[in-house]
Amino acid sequence: MRMSVDHSPREMVSIFFENTASSYNRIVNYVTLGRDKIWKERILNKVYGCSILDLACGTGILTRLIAQKYQNSNIVGVDITKNYLEVAKQESNQFTNILFINQDAEKLEIDKKFDCIVSSYIPKYCDAKKLIQKCIKHLNPNGNVILHDFTYPKNKLFQIRWNQYFHLLQFLGFLIPEWKISFFELPKLIRNSKWVEDYSNAMMQEGFKVELEFHTWSCCCIITGKLN
């Protein structure tokens with residue numbers, strides 16, 4: 001099954017993640033060659049506060065890291081995909097400081113504000129202005145927003161290596177049918193996305209002080225926005 005080219009990034013969420021919750025933790029570690037753990041550690045080093053929101057928390061990988069490091073904090077994990085949240089809840093039974101909620105990040109309505117809002121892999125799927133507006137609505141004064149996602153490297157040599165690697169993943173997709181569509185369509189989405197520019201501009205327009213941090217030959221970026 002191949003995806004139509006007219007699918008929007010938002011529509012890709014249900015297509016990519018419909019039947020992949022049970023294998024996600026393994027796949028994200030394998031396909032990033034273990035770098036996902038390193039990137040999340042970098043995010044973790046930027047987190048602070050007594051109340052923390054993890055948007056698009058998925059199976060709760062980052063949520064649990066935050067809960068383990070900040071044991072006296074209250075952490076809320078939000079995701080639109082119910083089967084991913086079920087896995088997150090099952091794997092987070094030992095934590096008493098995590099609450100998981102099934103909501104759409106762009107339509108987020110929680111009667112609570114947070115010192116820090118984090119999200120890994122959501123930016124490319126969402127409208128930057130809408131998401132930042134929701135973050136502001138749920139952010140305490142002097143709070144910060146930390147966003148992380150894949151980027152297409154600008155260096156030509158790294159682009160060649162990046163493309164070759166995704167060709168390999170597409171071949172492996174025939175062996176892992178539930179991930180086949182993702183492996184074929186994700187590189188297109190990443191190459192076409194301008195999420196770093198879009199979110200940087202959206203944050204600065206709202207008065208955030210913005211910092212960019214690229215990692216792994218510019219194959220991903222972490223944006224930190226501090227609300228003044």
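Positions are given from 1 along the sequence. Quantities reported herein were computed from a predicted structural model and do not represent experimental measurements.
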Next item on the list: Begin with the C-alpha distance, continue with both residues' side-chain angles, and end with the deciding distance and a verdict on side-chain contact (heavy atoms from CB on, under 4.5 Å) for T63 and F95.
Entry: CA-CA 10 Å; T63 323; F95 295 99; over 6 Å; no

Is it the case that the side chain of [X] and the backbone of [Y] share a donor-acceptor pair, with hydrogens and angles ignored and the cut-off at 3.5 Å?
X: E106; Y: D127; value: yes
X: Y165; Y: V31; value: yes
X: N144; Y: G225; value: no
X: N102; Y: D79; value: yes
X: T32; Y: V28; value: yes
X: K124; Y: S193; value: no

[atom2] on [Y] to [atom1] on [X], rounded to 0.5 Å:
X: S92; Y: F100; atom1: OG; atom2: CZ; value: 3.5 Å
X: S182; Y: L189; atom1: OG; atom2: CG; value: 10.5 Å
X: K134; Y: I117; atom1: NZ; atom2: CD1; value: 11.5 Å
X: K130; Y: K107; atom1: NZ; atom2: NZ; value: 8.0 Å
X: D198; Y: C126; atom1: CG; atom2: SG; value: 12.0 Å

Next item on the list: Evaluate the side-chain contact (heavy atoms from CB on, under 4.5 Å) criterion for residues V210 and Y199: first the C-alpha distance (whole Å), next the side-chain angles of each, then the deciding distance (0.1 Å), finally the verdict.
Entry: CA-CA 10 Å; V210 177; Y199 282 88; over 6 Å; no

Next item on the list: Report yes or no: is the cationic atom of K180 (NZ for Lys, CZ for Arg) under 6.0 Å from the centre of the six-membered ring of F183, at an angle within 45° of the ring normal?
Entry: no

What side-chain donor-acceptor pairs closer than 3.5 Å can you find for residues 66-73, not counting sequence neighbours?
| from | atom 1 | to | atom 2 | distance (Å) |
| --- | --- | --- | --- | --- |
| Y70 | OH | V47 | O | 2.6 |
| Q71 | NE2 | Q68 | O | 3.2 |
| S73 | OG | G49 | O | 2.8 |

Honestly curious: do [X] and [Y] fall in one hydrophobic cluster under the side-chain, below-4.5 Å linking rule?
X: I190; Y: L169; answer: yes
X: I15; Y: V13; answer: yes
X: W217; Y: I223; answer: no
X: L108; Y: L227; answer: yes
X: F114; Y: V118; answer: no

Distance-only check: which donor-acceptor pairs under 3.5 Å involve side-chain atoms of residues 154-161, not counting sequence neighbours?
| from | atom 1 | to | atom 2 | distance (Å) |
| --- | --- | --- | --- | --- |
| N155 | OD1 | L157 | N | 2.9 |
| N155 | OD1 | F158 | N | 3.1 |
| Q159 | NE2 | P153 | O | 2.9 |
| Q159 | NE2 | K154 | O | 3.4 |
| R161 | NH1 | Q164 | OE1 | 3.2 |

Margin query: Looking at D104 and R10, is there a salt bridge between them, counting it only when a charged N and a carboxylate O are closer than 4.0 Å?
Written below: yes

Notebook entry, point to check: Are D36 and Y121 close enough, and set up right, to give a side-chain hydrogen bond (donor to acceptor under 3.5 Å, both in side chains), and what steps lead you there?
Noted result: CA-CA 11 Å; D36 180 72; Y121 303 128; 2.5 Å; yes

Item checked: Taking every non-hydrogen atom, the tightest pair across T59 and A21 -> CG2-O, 3.9 Å

Notebook entry, point to check: For the residue pair T151 and C220, what are the closest heavy atoms and their distance?
Noted result: OG1-N, 3.1 Å

Next item on the list: Kindly determine whether N140 and D115 satisfy side-chain hydrogen bond (donor to acceptor under 3.5 Å, both in side chains), including the steps that lead there.
Entry: CA-CA 5 Å; N140 282 326; D115 297 323; 2.9 Å; yes

Next item on the list: Go through the steps to decide whether Y84 and T20 satisfy the test side-chain contact (heavy atoms from CB on, under 4.5 Å), and finish with yes or no.
Entry: CA-CA 8 Å; Y84 270 67; T20 55; 2.5 Å; yes

Margin query: What verdict does the side-chain contact (heavy atoms from CB on, under 4.5 Å) test give for M203 and L147, after you've listed the backbone C-alpha separation in whole Å, the side-chain angles of each residue and the deciding distance to 0.1 Å?
Written below: CA-CA 11 Å; M203 285 182 172; L147 302 175; 3.8 Å; yes

Next item on the list: Just say parallel, tilted or perpendicular for the rings of W39 and H148, cut-offs at 30° and 60°.
Entry: tilted

